[in-house]
There are 2 protein chains.
Amino acid sequence: MPLTISIDLGSPVPAYRQIADRLRETLVTGHLRPGDALPPVRQLATDLGVHFNTVAEAYRTLATEGWLMLRRGSGAVVVERGVPPPAAPEQRDRLALALRDAVLKMRAAGWPAEEIAIELHKALKGTPS
Amino acid sequence: MPLTISIDLGSPVPAYRQIADRLRETLVTGHLRPGDALPPVRQLATDLGVHFNTVAEAYRTLATEGWLMLRRGSGAVVVERGVPPPAAPEQRDRLALALRDAVLKMRAAGWPAEEIAIELHKALKGTPS
DNA sequence: TTGAATTGTATAGTGTACTTGTACAATATA
DNA sequence: TATATTGTACAAGTACACTATACAATTCAA
């Protein structure tokens, strides 16, 4: 599978963060596994309609999180991640807040609680551990 | 109750959006109800440590969403909102994506699925309808 | 009725973040 | 060993967030 992701250039979320988010999804769900190679920054950038430096920034984000190893010439490779380093409580709070705000915005937009729960389980599905 | 909210100035999420998020929470949960007055932008701004224009931007955001009515001299007042206007599919997708990304980041940080579900229910709790 | 105080609005300025352009360094490959 | 491939570094342009300041509409006390 050639890694097909897409981003929304009209979104207020910066492109490099969207790219990181979508790639993180493939990593968390196991569609990309240790040893797998990611496409070169220039190729993915062309596919998504952004500059390759924008993709490179996303790769660096994921490398910092421990998902990837980057090397010029060799490209980006998924590495064994082990136990995620314990996040700072401040960072933990932000993650929980992001979830809460997402739910609140959906409620405010009129989503039934049912459907929100469904969306949640979709997001949890396929996640190992 | 004097409306006590707090924001995180170190967060990458812009202050005006955090303020709107926290206020939306009080609105969705019914802690602020139609007819209630919000604090003047200058007062809330002082409380939060930002410029009053930043608070004003948050108020405008919520006014656009149909929660508030703004008038100089009178201040910001919660209005009856009725049925939320049907969001554009594009906007709907973004809401669902935000939820998905929040969950994925929590998983990536090592949160057990259990606790994520708990956080979700905390966010849903107290929500009418 | 009037004038001062209160409250949101408008607009310009400043700093920061995002994206791009371009040159470069390290690795792979023919 | 030369060339292509791949990520990196850094400067420039643009958009966004926040602030400063002046302003307009409303409220309220004298």
Side-chain angles (χ1 to χ4, degrees), chain A residues 2-3 5-23 27 32 35-79 94 101, chain B residues 2-3 5-23 27 32 35-79 94 101:
Chain A
L3 180 62
I5 69 175
S6 67
I7 63 174
D8 175 5
L9 292 178
S11 163
V13 180
Y16 83 91
R17 222 180 296 169
Q18 290 187 60
I19 297 169
D21 287 344
R22 296 282 61 74
L23 291 176
L27 290 162
L32 271 179
D36 290 348
L38 272 70
V41 290
R42 284 166 181 81
Q43 179 188 318
L44 185 51
T46 301
D47 294 349
L48 297 176
V50 297
H51 194 271
F52 65 80
N53 271 343
T54 301
V55 175
E57 181 64 27
Y59 279 17
R60 278 190 287 271
T61 299
L62 294 172
T64 300
E65 294 177 11
W67 293 105
L68 305 181
M69 189 191 55
L70 307 178
R71 271 205 326 170
R72 325 186 217 203
S74 314
V77 179
V78 181
V79 296
R94 282 179 193 155
D101 289 336
Chain B
L3 180 62
I5 68 175
S6 67
I7 62 174
D8 175 6
L9 293 177
S11 163
V13 181
Y16 82 92
R17 221 178 296 168
Q18 289 186 60
I19 297 169
D21 288 342
R22 295 283 62 75
L23 291 177
L27 291 161
L32 272 178
D36 290 348
L38 272 69
V41 291
R42 286 165 179 80
Q43 179 187 319
L44 185 52
T46 301
D47 293 348
L48 298 176
V50 297
H51 194 271
F52 65 80
N53 271 344
T54 300
V55 175
E57 180 65 26
Y59 279 16
R60 278 191 288 272
T61 300
L62 294 172
T64 300
E65 294 177 9
W67 293 105
L68 305 181
M69 191 190 52
L70 307 178
R71 270 203 331 168
R72 323 184 218 206
S74 314
V77 179
V78 181
V79 297
R94 282 177 193 157
D101 288 337

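Computed from a predicted model, the values in this text were never measured in an experiment. Residue numbers begin at 1 in each chain, while the letters A, B, ... track the order of the sequences.
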Measuring from the side chain of B:H51 (C-beta onward, heavy atoms only), which nucleotide among D:dC10, D:dT19, C:dT19 has the closest atom? D:dT19
What nucleotide, of C:dT19, C:dT22, D:dC18, holds the atom closest to the side chain of A:A15? C:dT19
Applying salt bridge (charged side-chain N to carboxylate O under 4.0 Å, His left out), which residue pairs with at least one partner in residues 41-65 of chain B are found, sequence neighbours left out? B:R24-B:E65, B:E57-B:R60
What's the [atom1]-[atom2] distance between [X] and [N], to the nearest Å?
X	N	atom1	atom2	answer
A:Y16	D:dC16	OH	C1'	13 Å
A:I19	D:dG7	CD1	C1'	15 Å
A:Y59	C:dT19	OH	P	16 Å
B:I7	D:dA17	CD1	P	14 Å
B:N53	C:dA10	CG	P	11 Å
B:R60	C:dT11	CZ	C1'	11 Å
B:E57	D:dT19	CD	P	12 Å
A:M69	C:dA26	CE	P	16 Å

Write down the atom of [X], the atom of [Y], and the distance for their closest heavy-atom approach.
X	Y	value
A:P39	A:L44	CG-CB, 4.2 Å
B:L9	B:G49	CD1-O, 4.3 Å
A:V79	A:G66	CG2-O, 3.5 Å
A:A20	A:L62	O-CD2, 3.9 Å
B:A15	B:I7	CB-CD1, 4.1 Å

Please produce a list of atom pairs where a protein N or O lies less than 3.5 Å from an N or O of nucleotides 1-7 of chain C.
{"residue": "C:dT7", "atom": "O2", "partner": "B:G73", "partner atom": "N", "Å": "3.2"}

Looking at B:R17, B:R22, B:Q18, which one forms a side-chain hydrogen bond (donor to acceptor under 3.5 Å, both in side chains) with A:D101? B:R22
Using a heavy-atom cut-off of 4.0 Å across all strands, would you classify A:F52 as base, sugar-phosphate, or nothing? base
First of B:L70 and A:V50 reached from the 5' end of DNA chain C, by closest nucleotide: B:L70
